[in-house]
Number of protein chains: 2
Amino acid sequence: MPRIDTKTRILDASEQLFAGRGVSGTSIRAITAKAKVNLAAIHYHFGSKESVLESVLSRRLIPLNAERLTLLEEYERRSKNNVVALPKIIEALVGPALRVSRDPKKGGGLFMKLLGRLVLEPDEKIQSLLTNQFRTVLERFMPALKKALPGLEPADFYWRLHFLVGAMAHTMADSERIQTVSGGICNPDDTEDTIKRLVSFIVAGMEAES
Amino acid sequence: MPRIDTKTRILDASEQLFAGRGVSGTSIRAITAKAKVNLAAIHYHFGSKESVLESVLSRRLIPLNAERLTLLEEYERRSKNNVVALPKIIEALVGPALRVSRDPKKGGGLFMKLLGRLVLEPDEKIQSLLTNQFRTVLERFMPALKKALPGLEPADFYWRLHFLVGAMAHTMADSERIQTVSGGICNPDDTEDTIKRLVSFIVAGMEAES
DNA sequence: GTCTATAGAACGATAGAC
DNA sequence: GTCTATCGTTCTATAGAC
């Protein structure tokens with residue numbers, strides 16, 4: 001009997017391989033080899049490669065998005081007139097994601113690399129899978145952001161949301177390059193420091209004069 | 001005789017397929033089918049799939065990066081003491097890229113989607129390929145940026161460069177989502193408008209108080 | 001639930017005729 | 001420079017023993 005059950009071992013191995021070599025770059029055989037399970041086990045437990053991807057995603061995204069909402073609601077409860085300051089909202093949005101993306105117990109950064117890849121995947125099934133996971137978060141954060149940025153015209157609002165996602169996704173997905181480029185000056189393993197810097201960059205960008 | 005030669009047809013087809021389905025998700029057979037050339041032609045002209053990718057990249061990146069440098073040098077020539085204002089530098093960096101990424105004659109946005117994908121590709125050969133293409137640009141833009149942001153401590157400087165790349169890459173790679181999310185309010189086909197908004201977001205972020 | 005064995009298809013790459 | 005033909009490999013998926 002293995003210490004960790006087959007299903008979890010398959011999910012762990014898949015997460016690492018999908019992140020490292022892409023979904024289409026990862027064969028079922030590579031997953032079963034890494035997970036040290038039989039080739040047929042993956043079909044028994046999940047049915048198909050795509051279903052494995054779905055499980056890999058929801059395992060991390062469901063608790064992550066729940067934490068985002070919990071943080072936002074906590075800030076709203078403490079606020080006056082339900083208007084939360086912009087830095088707090090951004091922190092609730094990017095903080096949990098960066099913490100997951102650095103926690104070795106939760107994929108050790110690889111899960112967020114995977115997510116960064118999937119955002120650009122045009123496959124419809126993958127896209128609807130992601131959209132469903134993020135719909136609730138978007139619906140809750142958008143009104144809060146609008147309240148915190150009352151003077152911003154709609155086009156600027158959505159464009160800046162777009163830029164925000166880009167800065168966040170790139171930071172989550174790529175923690176190696178920053179170390180190389182900066183010659184070791186930047187330490188991506190200091191998660192709270194990274195969050196602070198990213199939040200202040202985004203907040204300034206969101207509040208820029210048009 | 002075809003109107004466009006075989007080599008170019010292979011590059012065009014590869015660009016579209018690599019961008020849409022990823023490099024490992026694209027088979028040589030799919031490329032030759034789309035390009036309407038013989039299966040063996042790709043090996044005759046390029047030798048391997050990887051060599052095709054290299055040609056796809058350099059075909060766009062060499063003129064693109066040359067234009068970036070030309071713009072920066074022009075701004076420096078017009079400036080006092082060689083200190084170019086931050087918005088101009090950012091414009092020289094992201095402007096040419098966004099213009100290429102929207103020009104239907106230059107891949108029609110697909111090339112930049114491909115680039116967005118490749119940034120997260122851990123394959124060493126792909127990474128060194130990209131690094132080589134961007135080395136000159138980085139070496140020229142870094143000193144200009146440092147001069148334009150004299151008070152910024154090094155760690156903040158490199159982190160914000162990282163966030164900049166993320167916002168830029170995401171904007172280049174994904175021009176469909178913004179339309180959906182904004183309900184049609186944002187028009188990514190208005191390239192100069194997009195550049196203006198992106199530059200003002202990035203400039204504000206770069207100049208944020210620590 | 002876990003294994004072996006294998007079917008059936010698609011893959012990258014090349015040899016050799018024209 | 002372009003074609004056909006094919007080698008050897010790897011893939012997903014499944015059938016059936018235990």
Side-chain angles (χ1 to χ4, degrees), chain A residues 1-57 59 114 117-118 121-127 129, chain B residues 1-59 114 117-118 121-129:
Chain A
M1 282 293 190
R3 272 198 320 135
I4 310 174
D5 73 349
T6 302
K7 231 171 154 168
T8 306
R9 290 223 308 286
I10 290 174
L11 287 178
D12 289 342
S14 301
E15 184 172 77
Q16 291 172 46
L17 290 170
F18 285 163
R21 318 203 290 215
V23 178
S24 57
T26 302
S27 67
I28 287 191
R29 302 174 114 84
I31 296 172
T32 54
K34 193 178 184 74
K36 284 173 187 154
V37 300
N38 186 271
L39 178 59
I42 207 163
H43 289 104
Y44 176 79
H45 285 288
F46 295 94
S48 71
K49 194 171 145 182
E50 185 188 289
S51 166
V52 174
L53 174 63
E54 193 174 331
S55 296
V56 166
L57 286 182
R59 178 170 69 148
L114 170 58
R117 277 174 177 280
L118 293 181
E121 206 74 41
D123 185 293
E124 278 184 27
K125 285 179 183 175
I126 291 177
Q127 283 311 313
L129 217 130
Chain B
M1 283 289 189
R3 273 199 318 136
I4 311 173
D5 76 347
T6 301
K7 231 170 157 169
T8 306
R9 289 223 307 286
I10 290 174
L11 288 177
D12 289 341
S14 300
E15 184 172 76
Q16 292 172 45
L17 289 170
F18 286 164
R21 320 204 292 219
V23 177
S24 57
T26 301
S27 67
I28 287 190
R29 303 173 119 84
I31 296 173
T32 53
K34 194 180 182 74
K36 285 173 186 153
V37 299
N38 187 271
L39 178 60
I42 208 163
H43 289 104
Y44 176 80
H45 286 286
F46 297 94
S48 71
K49 192 172 146 182
E50 185 186 288
S51 167
V52 173
L53 174 63
E54 194 173 332
S55 297
V56 167
L57 286 182
S58 54
R59 178 171 67 149
L114 170 58
R117 277 176 177 277
L118 293 181
E121 206 75 39
D123 184 295
E124 278 185 25
K125 287 179 182 173
I126 291 178
Q127 282 311 312
S128 71
L129 217 132

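In what follows, every chain begins at residue 1, and chains take the letters A, B, ... in the order their sequences are listed. Quick caveat: nothing in here was measured; it's all calculated off a predicted structure.
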For [X], side-chain hydrogen bond (donor to acceptor under 3.5 Å, both in side chains) partners two or more places apart:
| X | value |
| --- | --- |
| B:Ser24 | A:Ser24 |
| B:Ser51 | none |
| A:Gln127 | B:Arg177 |

Which side-chain N or O atoms in residues 32-40 of chain B pair as donor and acceptor under 3.5 Å with protein atoms at least two apart or in another chain?
| unit_1 | atom_1 | unit_2 | atom_2 | d |
| --- | --- | --- | --- | --- |
| B:Thr32 | OG1 | B:Ile28 | O | 3.2 |
| B:Thr32 | OG1 | B:Arg29 | O | 3.0 |
| B:Asn38 | OD1 | B:Ala40 | N | 2.8 |

Minimal heavy-atom distance between A:Ser14 and A:Val56, with the atoms involved, is CB-CG2, 3.9 Å
For the pair made of [atom1] in [X] and [atom2] in [N], what is the distance, rounded to whole Å?
| X | N | atom1 | atom2 | answer |
| --- | --- | --- | --- | --- |
| B:Tyr44 | C:dA17 | OH | P | 17 Å |
| B:Ile31 | C:dA13 | CD1 | P | 11 Å |
| B:Leu53 | C:dG12 | CG | C1' | 16 Å |
| B:His43 | C:dG12 | NE2 | P | 7 Å |
| B:Asp5 | D:dG1 | CG | C1' | 11 Å |
| A:Lys7 | C:dG1 | NZ | P | 8 Å |

Considering only nitrogen or oxygen atoms on both sides, find all protein atoms under 3.5 Å from nucleotides 5-11 of chain C and state each distance.
| unit_1 | atom_1 | unit_2 | atom_2 | d |
| --- | --- | --- | --- | --- |
| C:dC11 | OP1 | B:Ser27 | OG | 3.1 |

Does any residue of residues 15-24 of chain B have a heavy atom under 4.0 Å from DNA chain C, and if so, which ones, in number order? none
Using the test side-chain contact (heavy atoms from CB on, under 4.5 Å), find all partners of [X] that sit at least two apart in sequence or belong to another chain.
| X | answer |
| --- | --- |
| A:Glu54 | A:Leu129 |
| B:Arg21 | B:Leu17, B:Thr26, B:Ala30 |
| A:Thr8 | A:Ile4, A:Asp5, A:Asp12, A:Arg59 |

Is the shortest side-chain N/O distance from A:Thr6 to OP1 or OP2 of C:dT2 below 4.0 Å? yes
